[in-house]
Amino acid sequence: MIPSATIYNPQSAKTLIDEVIERSNQNIYACYQCRRCASGCTVGEETGITPDVLIRLIITGNREEALDNALVWQCVSCYTCGTRCPNNIQSGRVTETLKKMSREEDVIPLNPNIAYFHDAFVQGCTRWGRVNEMEFMGYYELKNIGKHLVNFQFKKAYDEIVLQVRLGASMFKQKRLHLKLHTSRGRKEVKQFYKMALKKKATLKNDKKSGIGFRLD
Amino acid sequence: MEVAYYPGCSLHQSSQFYDLQTRRIFSELGVTLTEIDDWSCCGATSAGKFNDFLAVALPARNLGIAEQSGFKEMLIPCSGCYSSHLMSQTRLRSNKSLMDEINGELAFKVNNHLKLVNILELFLEAKDKGQFDSRIVKQLKGLKPACYYGCMTRFAYDVPVSDNVENPQGMETLLTMTGAEPRDWSYKTACCGASAAINDPDTAFNLMGKILKNAVKTGCNCIVTTCPMCQLNLDAYQEKFCNKAGIYERLPVYFITELIGISMGIPLSEMNADRHFIDVFGLVKELELV
Ligand code: SF4
Ligand code: SF4
């Protein structure tokens, strides 16, 4: 489904545009809807909605649709859109910003797996200082399979387990799995950065709730 | 010549053989790679989706370590790691207060003068300096690689890159030097889907299907890449996405180091090339390159 981008709400547009521009560092006002980004977008065919439409949604103040659509979640951060844009707008940075905003505003991710995946990765790498592929995949799969179980989708959970066990087995056979724990001695610093990031996230969320708007730092 | 070296998590795990090959070949070319001490994960693309501060702070730690160890230049073979370090550097350059905040937590502070290079840049530099002269002992005749760059080495956050953005030529230049005949094809900078292979497989398999289809159509007999993520994806899932896309051919997915290695007379077995999912020995044997 391609969301409508025709309704213009000047008030919500201003706050939405300001926030996106400030946080993504991209001047989306410069977009003149030429759609070069759209023709190059890696996932455009899958999502139906392309970066130009997303920018239009923001400019017209359609907050809900801008925060809750397939492109925000399925964008693979390839930045092809940015290299092609005549106005140097990196739409990939815009989708990354919207992803964060949508979670701050408790929008349920259209594709929760993608959200789990990135969370598991960040937690894994900040716990040990380095990512342990096995460990972080384990966490991700637990969450993913757990989600199916909670929803009583036993067949889905089963399929996922079979798929992952097969992949794991072939990785093991090709000697591409490593069981040793990889760590960095300086992980205290990394953990500290993680704590600071969590705090910044919480502040952003609280400010929004109490109507102050957003504040970066 | 001594260059700092950041392997990153995947070169210490699922793509360990790429690490081995990189060290071996550069050492034969007379370039010493010194792994920086106690590096940490760069956060890959996940950190940027979690929090902006974290995405800049994680790579910054490694930049600080390399700089304080006295290096001027750092090689990052993994495209994802390369891109996130470049992004961090650029952000720090334009935001003094962010840099101060991050430096406040770091034992090895960043002052942002490190030059980051990817593996192609370092190879091309070696070529220009003549370090390959008389090292190429085997002409890779009959090898028709599809040079696959993927997206991460070129789209690093408004940072100018050394190669052409739409039609990079670095790999072609190197492989032509080894006697291979790289083909012109359309998907060299397309994205393989990266982590979507795990968290959104339908999308990723479609993307990879298109890449392989075009490589086959243009008459390539193998794919070459520099990125461990691209390599793993196109290799480990090839059976799956080809079946899905109705492609009968299977192409070996080499790292650039493997082809350069063969041309320098290093046996594939010494480069741990048995770690591939799609066999890489058959083609080079058939062409009598090994
Ligand atoms: S390429 Fe740039 S200017 Fe054109 S529609 Fe996309 S974002 Fe707008
Ligand atoms: S970065 Fe995202 S929006 Fe831009 S081309 Fe890639 S997938 Fe599409």
Side-chain angles (χ1 to χ4, degrees), chain A residues 23 42-43 45-46 73-74 76-80 82-84 88 90 92-93 96-97 99-100 111 113-114 116-119 121-122 124-126 128-134 137 140 144 167 170-171 174-178 182 184-187 189-190 192-194 196-198 200-201 216-217, chain B residues 9-10 12-17 38-54 57-58 61 65 91 97-98 101-102 105-107 150-152 154-158 165-166 189-191 193-196 198-204 206-207 232 236 272 274-277:
Chain A
R23 295 180 64 175
T42 300
V43 298
E45 260 174 62
E46 328 286 324
W73 287 100
Q74 280 179 281
V76 286
S77 293
C78 67
Y79 309 128
T80 309
T83 61
R84 305 233 165 122
N88 217 354
Q90 297 278 353
R93 300 290 168 192
E96 283 168 9
T97 302
K99 227 177 259 164
K100 282 171 277 205
N111 189 339
N113 290 0
I114 300 179
Y116 295 161
F117 179 91
H118 296 299
D119 287 355
F121 190 97
V122 168
C125 95
T126 50
W128 301 110
R130 292 184 190 171
V131 157
N132 286 274
E133 291 165 345
M134 285 276 281
M137 279 300 289
Y140 162 70
N144 185 10
L167 175 70
S170 59
M171 292 274 288
Q174 300 312 121
K175 303 190 205 118
R176 291 183 77 156
L177 277 189
H178 289 260
H182 295 259
S184 157
R185 283 186 279 39
R187 59 181 176 274
E189 290 177 354
V190 175
Q192 178 59 17
F193 285 145
Y194 180 62
M196 291 163 81
L198 285 181
K200 285 172 197 285
K201 276 166 81 97
L216 276 185
D217 45 54
Chain B
C9 302
S10 65
H12 266 208
Q13 296 174 66
S14 53
S15 299
Q16 211 176 34
F17 60 120
D38 201 43
W39 53 268
S40 46
C41 173
C42 68
T45 50
S46 292
K49 289 166 186 163
F50 184 82
N51 175 268
D52 294 311
F53 167 80
L54 195 65
L58 290 176
R61 182 170 177 270
I65 294 174
R91 288 275 232 184
S97 66
L98 182 63
E101 187 181 6
I102 289 174
E105 305 299 328
L106 288 176
C151 46
M152 282 284 138
R154 307 158 320 107
F155 304 144
Y157 200 68
D158 328 342
V165 171
E166 292 289 357
T189 61
C191 171
S195 61
I198 295 159
N199 58 40
D200 188 7
D202 286 339
T203 303
N206 285 346
L207 305 180
L232 183 65
N272 282 354
D274 58 335
R275 309 279 155 104
H276 287 262
F277 292 80

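Order of the sequence lines fixes the chain letters, A, B, ..., with proteins taken first and strands second; residue numbering starts at 1 for each chain.
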Practice prompt. Would you sort out whether B/L58 and A/Y194 count as a side-chain contact (heavy atoms from CB on, under 4.5 Å), showing the intermediate values?
Written response: CA-CA 9 Å; B/L58 290 176; A/Y194 180 62; over 6 Å; no
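Looking at residues two or more places apart in sequence or on another chain, you find a side chain to side chain contact (heavy atoms under 4.5 Å, CB included) between A/S184 and A/R130, B/D38, B/S40, B/R61. Shown here are the side chain to side chain contact (heavy atoms under 4.5 Å, CB included) partners of B/N272, two or more places apart in sequence or in another chain: B/F17, B/L20, B/D274, B/R275.
Options A/E96, A/K99, A/M196 differ in how many heavy-atom pairs under 4.5 Å they form with chain B, and the most are formed by A/M196. Counting heavy-atom pairs closer than 4.5 Å to chain B, the top-ranked of the candidates A/W128, A/W73, A/F121 is A/F121. Chain A forms more heavy-atom pairs under 4.5 Å with one residue of B/L98, B/D202, B/T203, B/I65 than with any other, namely B/T203. Counting heavy-atom pairs closer than 4.5 Å to chain B, the top residue among A/V190, A/V76, A/V43, A/V122 is A/V122. Put simply, of B/A47, B/C41, B/S46, B/S97, the one with the most heavy-atom pairs under 4.5 Å next to chain A is B/S46. Note: B/G43 leads B/A196, B/A194, B/G43 in heavy-atom pairs under 4.5 Å with chain A. Between chain B and the residues A/K100, A/Q192, A/R84, A/Q74, the most heavy-atom pairs under 4.5 angstrom are made by A/K100. Among the candidates B/A204, B/A107, B/A236, B/P201, the residue making the largest number of heavy-atom pairs closer than 4.5 Å to chain A is B/A107.
To the nearest 0.5 angstrom, A/L198 atom CG is 5.0 Å from B/F50 atom CZ. Here CD of A/E45 is found 9.0 Å from CG of B/L207. Values are rounded to the nearest 0.5 Å.
Using the six-membered ring where Trp is involved, A/H182 and B/H12 have ring planes that are tilted, between 30° and 60° apart.
Judged by a 6.0 Å distance limit and a 45° cone about the ring axis, B/K49 is not positioned over the six-membered ring of A/F117.
Summarising the geometry of A/F193 relative to B/I102, their closest heavy-atom pair is CZ-CG2, 3.7 Å, with the distance given to 0.1 Å.
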